[in-house]
Amino acid sequence: MINYEEELKKFHPSLDVNEAEDAIYSRDLTDITDILKEMLQEENKREQ
């Protein structure tokens with residue numbers, strides 16, 4: 001049987017939308033767009 005008192009002690013509220021957005025955007029993650037930009041810059045340097 002579920003012990004509700006114990007479950008409530010474990011509960012952590014989820015981030016507010018604004019807090020979640022800040023946490024996501026504050027990370028500097030490389031995505032496919034960044035990789036493609038870097039590849040194009042390298043290719044342009046070779047052509048010159």
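Fair warning: this is a prediction, and the values are worked out from it, not measured in the lab. Numbering of residues begins at 1 and proceeds along the displayed sequence.
- Scanning for salt bridge (charged side-chain N to carboxylate O under 4.0 Å, His left out) contacts around Glu5 gives an empty result, with sequence neighbours left out.
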Test side chain to side chain contact (heavy atoms under 4.5 Å, CB included) on Met39 and Glu43; report intermediate values, then the result. CA-CA 6 Å; Met39 290 173 65; Glu43 187 62 30; over 6 Å; no
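- Between atom CD of residue Glu6 and atom NZ of residue Lys10 there is a gap of 7.0 Å, rounded to the nearest 0.5 Å.
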